[in-house]
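One structure below.
Note that the structure is predicted; figures quoted are calculated from it, not measured. These numbers come from the heavy atoms of this one structure, side chains and all, not from hydrogens, waters or symmetry mates.
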Amino acid sequence: MGNFQLYFEMIGAVAFAVSGAALGIRKEMDLFGVAMMGMTTAVGGGILRDVMLGQTPPAALRDPMQALVAIAVSVLVFYIWRRKADIHNKYAEAVLLVADSIGLGIFSAHGAAIAIQAGCGANWFLVLFLGTVTGVGGGVLRDVCCMERPYIFTKHIYACASLAGAAVCRALWPLGTGLAMLAGCGVTVAL
């Protein structure tokens with residue numbers, strides 16, 4: 001995996017960690033719970049994708065850098081949020097939406113890219129499915145752990161935006177990895 005994909009993935013991990021930590025805080029979890037929600041959101045979709053591709057152990061377990069970054073970001077969010085209690089009430093939904101949108105865009109495109117690089121590029125259905133699973137999987141796991149109805153079942157555009165981003169990434173793949181992933185991410189975030 002090139003440096004671009006590594007940095008792209010880390011930005012997504014940070015965004016999803018913020019999203020997971022924000023929901024954990026809203027659910028009044030302790031530090032451990034908040035850190036686990038951040039990590040689960042950041043690496044859950046990728047783990048599901050890797051298992052479906054038969055890549056075991058999943059990349060997030062072979063190289064735990066993404067999980068460790070997600071835990072560190074979640075701890076930071078926990079302590080910042082506690083110091084600024086008024087932020088929790090005013091901006092919780094906005095922070096969750098923005099962070100979730102960025103993470104969804106990045107991981108939908110990244111999941112499609114991993115599927116293509118694993119030799120699935122000719123099978124559009126599989127690429128789109130794995131891109132979407134990578135994008136929404138961590139959030140579904142987060143929501144279930146927080147006893148919330150998963151976003152993909154209540155925010156209709158959420159899974160469709162992920163699917164659209166994965167499709168754009170696949171369609172533009174012949175033009176270059178970076179362009180395809182950035183365009184796929186941009187379409188998802190915009191939707």
Taking side chain as C-beta onward, heavy atoms only, is [X] less than 4.5 Å from [Y]?
{"X": "Leu141", "Y": "Thr41", "answer": "no"}
{"X": "Leu53", "Y": "Cys120", "answer": "yes"}
{"X": "Arg26", "Y": "Met37", "answer": "no"}
{"X": "Leu104", "Y": "Phe16", "answer": "yes"}
{"X": "Phe107", "Y": "Glu9", "answer": "yes"}

Check [X] against [Y] and note the closest heavy-atom contact, atom names and distance.
{"X": "Trp173", "Y": "Ala113", "answer": "CZ3-CB, 3.5 Å"}
{"X": "Val43", "Y": "Ala60", "answer": "CB-CB, 3.9 Å"}
{"X": "Met39", "Y": "Ala70", "answer": "CA-CB, 3.8 Å"}
{"X": "Ala159", "Y": "Thr132", "answer": "O-CG2, 4.2 Å"}
{"X": "Ser108", "Y": "Ala166", "answer": "O-CB, 4.0 Å"}
{"X": "Ala183", "Y": "Leu172", "answer": "CB-CD1, 3.5 Å"}

Once rounded to the nearest 0.5 Å, what's the spacing between atom [atom1] of [X] and atom [atom2] of [Y]?
{"X": "Gln55", "Y": "Ile114", "atom1": "CD", "atom2": "CD1", "answer": "7.0 Å"}
{"X": "Asp30", "Y": "Met36", "atom1": "CG", "atom2": "CE", "answer": "10.0 Å"}
{"X": "Ile71", "Y": "Leu76", "atom1": "CD1", "atom2": "CG", "answer": "13.5 Å"}
{"X": "Tyr79", "Y": "Ser74", "atom1": "OH", "atom2": "OG", "answer": "12.5 Å"}
{"X": "Thr134", "Y": "Met52", "atom1": "OG1", "atom2": "CE", "answer": "8.5 Å"}
{"X": "Leu23", "Y": "Thr40", "atom1": "CG", "atom2": "OG1", "answer": "11.5 Å"}

CA sep, side-chain torsions, deciding dist, call: Gln117, Gln5, side chain to side chain contact (heavy atoms under 4.5 Å, CB included)
CA-CA 12 Å; Gln117 291 167 342; Gln5 277 186 270; 2.8 Å; yes
Which residues pass the side chain to side chain donor-acceptor pair (under 3.5 Å) test with Ser19, sequence neighbours left out?
Asp100, Arg142
Tell me whether [X] shares a hydrophobic cluster with [Y], the cluster being built from Ile, Leu, Val, Met, Phe, Trp, Tyr side chains joined at under 4.5 Å.
{"X": "Leu175", "Y": "Val187", "answer": "yes"}
{"X": "Val189", "Y": "Ile106", "answer": "no"}
{"X": "Leu128", "Y": "Val133", "answer": "no"}
{"X": "Val34", "Y": "Val73", "answer": "yes"}
{"X": "Ile11", "Y": "Met181", "answer": "yes"}

According to side chain to side chain contact (heavy atoms under 4.5 Å, CB included), who are the partners of Met65, at least two apart in sequence or on a separate chain?
Met10, Asp63, Val69
Listed once per pair and sorted, the ring-ring contact (aromatic ring centres under 6.0 Å, His included) pairs that draw on residues 119-150, sequence neighbours left out:
none
Sub-3.5 Å donor-acceptor pair from the side chain of [X] to the main-chain atoms of [Y], do we have one?
{"X": "Thr188", "Y": "Gly184", "value": "yes"}
{"X": "Arg170", "Y": "Gly121", "value": "yes"}
{"X": "Arg49", "Y": "Leu130", "value": "no"}

Just checking Arg149: does its CZ atom have more than 12 heavy atoms from other residues, nucleotides or ligands closer to it than 6.0 angstrom?
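Incorrect, the count does not exceed 12.
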May I have the step-by-step check of side chain to side chain contact (heavy atoms under 4.5 Å, CB included) for Val140 and Ile152, ending in yes or no?
CA-CA 7 Å; Val140 169; Ile152 64 169; 3.7 Å; yes
Please determine whether side chain to side chain contact (heavy atoms under 4.5 Å, CB included) holds for the pair Leu61 and Thr56, giving the CA-CA distance in whole Å, both sets of side-chain angles, and the decisive distance to 0.1 Å.
CA-CA 9 Å; Leu61 301 178; Thr56 56; over 6 Å; no
Using 30° and 60° as the class limits, which term best fits the ring planes of Phe4 and Phe8: parallel, tilted or perpendicular?
parallel
